[in-house]
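Numbered from 1 within each chain, the chains take letters A, B, ... in sequence-line order.
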Amino acid sequence: MPEPKIKPRLPKGMRDFLPQEMLKREHVFSVVREVFHLYGFEPLQTPVLELTETLMGKYGEDAEKLIFNAQHPGGKEELSLRYDLTVPLARVVGQYQNEITLPFKRYQLSPVWRAERPQRGRYREFYQCDADIVGIKDMSADAEILGVIVTALKRLGFLQFNVKINNRKLLTGMGQFSGVPDSQLGDLYRSVDKFDKIGADGVKGELLTRGIDNEAIGRMMDLIQSRQEGLENLDYLQSVMGDIPAAAEGIRELRELAGHLSAAYISMENYEFDFTMVRGLGYYTGPIFETVITEPNLGSVTGGGRYDNLIGLFRKDSLPTTGTSLGIERIIDLMSELNLYPAHLGGTVVQLLVTVFGDETRIESTKLAAELRAQGVRTELYMEDKNLGKQFQHADKKGIPLVAILGTDEIYQGVVKLKRLKDGEEVSVERGAAAETIQTLLEQPI
RNA sequence: GUGGCUAUAGUUCAGCGGCAGAACGCCUGUUUGUGGAGCAGGAUGUCAUGGGUUCAAAUCCCAUUAGCCACCCCA
């Protein structure tokens with residue numbers, strides 16, 4: 001035995017994606033990209049590294065501890081791996097004011113890095129998939145974002161999901177109305193956000209522990225638990241705290257949003273106003289969104305909202321911005337769990353294996369492969385010198401659906417024999433008609 | 001960052017003081033122009049690393065490392 005080599009392993013929380021898995025990932029990516037294009041969003045790519053100063057001060061103290069530094073010996077710039085795609089977007093908008101036409105509708109599908117302790121479904125390197133609209137104050141932009149979310153999830157095959165909508169202004173108003181001091185609003189939100197997990201009593205208990213006044217808690221709980229059908233929910237809140245300016249503005253925004261959604265044929269089956277949904281990030285200023293798959297109950301797959309002030313950090317005047325992030329990693333996991341990948345994805349991109357009998361027929365096999373490739377058939381040409389059985393085994397193991405057999409008999413007759421492995425269907429066709437027959441064999445069930 | 005669990009073949013795991021095992025996968029053959037299934041055979045391990053206890057350690061103890069899970073936070 002040779003000397004021990006380097007033990008192959010990965011950095012903590014990072015993954016390789018082998019071909020079979022990549023096919024699934026790329027299927028999800030391409031469906032999502034298609035939907036973005038459908039709504040007129042255009043691609044953006046930014047570097048993996050940003051200047052550290054670009055990232056600092058945007059995510060809050062706790063989150064900043066999770067930013068990866070990327071120094072090299074003798075490096076003069078302070079560099080960090082990007083933590084999300086939103087801050088790079090804000091940087092780009094601030095940096096290319098002459099080149100960017102507003103409204104700027106961009107999407108970005110790229111990895112981000114967080115030095116978190118890895119766990120199931122949580123990695124240190126993962127893809128984010130963001131779509132944002134920069135430059136529109138009006139709720140029509142938020143409605144477009146919700147349209148993208150609903151369309152993408154439907155196209156991926158999710159049947160039962162629910163986009164929860166809330167509004168930061170409304171939450172602020174609720175806090176003020178209930179009499180929770182501004183300094184405790186953060187604690188309040190954090191607890192309220194756990195409503196789904198720990199229930200009303202759990203939230204109450206946590207708020208008490210955090211030292212929030214019992215009476216204020218009571219009023220708050222009443223407001224957030226208002227779960228009437230659709231717009232009636234808003235009517236109720238309006239009647240209770242319409243006098244609080246922040247609340248009134250939040251309610252107005254949500255009404256406007258509902259109007260746009262209805263006009264865009266987005267069914268109320270797919271969204272609801274949920275005043276217990278908060279979202280962690282500090283920079284949200286208006287409507288916020290989060291999508292949960294309801295059947296089965298599998299947690300949230302998108303998150304986002306309006307952040308009208310963030311871009312102001314990179315520009316003299318800020319620009320109103322709203323957007324969403326599809327939790328693409330979780331979506332990919334759920335697609336497997338729910339069996340939503342189309343069967344034709346298989347385990348390989350190869351549609352047909354051209355076999356080789358021996359040295360004397362290899363030239364003809366090579367020619368056949370070239371002919372088929374020229375006609376768009378994804379073809380693998382067998383490259384070793386092994387018997388037919390081995391070649392079939394190879395096709396079978398890789399999940400290649402068709403095998404082309406080209407022996408001396410076939411070459412003499414100017415034909416090629418095609419075999420479909422799934423059911424053993426075998427036909428002989430003229431070389432010139434092979435590509436067409438291959439398509440038929442691939443499409444026909446049997 | 002806090003707490004818990006685990007580490008044995010390529011993979012999933014059994015073995016829990018006395019010769020290193022199973023299943024799956026892999027390789028070979030079942031006679032050379034046909035895969036999956038069957039049958040027959042075969043290869044594969046510093047039992048994570050370092051120390052300790054013992055006549056004897058994969059097994060018990062300690063440390064280290066790595067992985068997993070929960071919390072915090074988040075996608």
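- Interface remark: the A/Asp396 side chain does form a donor-acceptor pair with the B/rG35 base, using a distance-only criterion of under 3.5 Å.
- Rounded to whole Å, the C1' atom of B/rC19 lies 22 Å from the corresponding atom of B/rA23.
- In this entry B/rU65 has B/rA7 as its Watson-Crick or G-U wobble partner, both defining distances falling under 3.5 Å.
- By the 5.5 angstrom centroid cut-off and the 30-degree plane limit, A/Phe357 is classified as not stacked against the base of B/rG33.
- A donor and an acceptor atom never sit less than 3.5 Å apart when one is taken from the side chain of A/Gln391 and the other from the base of B/rU34.
- Ring pair A/Tyr382/A/His394 is perpendicular by interplanar angle, where above 60° counts as perpendicular and below 30° as parallel.
- For B/rC73, the base has a donor-acceptor partner in the side chain of A/Arg122 [N/O atoms by modelled type, under 3.5 angstrom].
- Between the side chain of A/Gln119 and the base of B/rG67 there is no donor-acceptor pair of N/O atoms closer than 3.5 Å.
- Nucleic acid contact for A/Lys417: base, since at least one base atom lies under 4.0 Å from a heavy atom of the residue.
- Rounded to the nearest 0.5 angstrom, A/Arg106 CZ and A/Asp132 CG are separated by 4.5 Å.
- Contact between the side-chain N/O atoms of A/Lys390 and the OP1/OP2 oxygens of B/rU28 is found at a separation under 4.0 Å.
- Classification of the A/Tyr307-A/Tyr284 ring pair by plane angle, with boundaries at 30° and 60°, yields perpendicular.
- Note: A/Tyr59 and A/Tyr83 have tilted aromatic rings, judged against thresholds of 30 and 60 degrees for the angle between ring planes.
- Comparing B/rG35, B/rG1, B/rC72 by their nearest atom to the side chain of A/Arg117 picks out B/rG1.
- Across all strands, A/Glu125 comes closer than 4.0 Å to no nucleic acid atom at all (heavy-atom distances).
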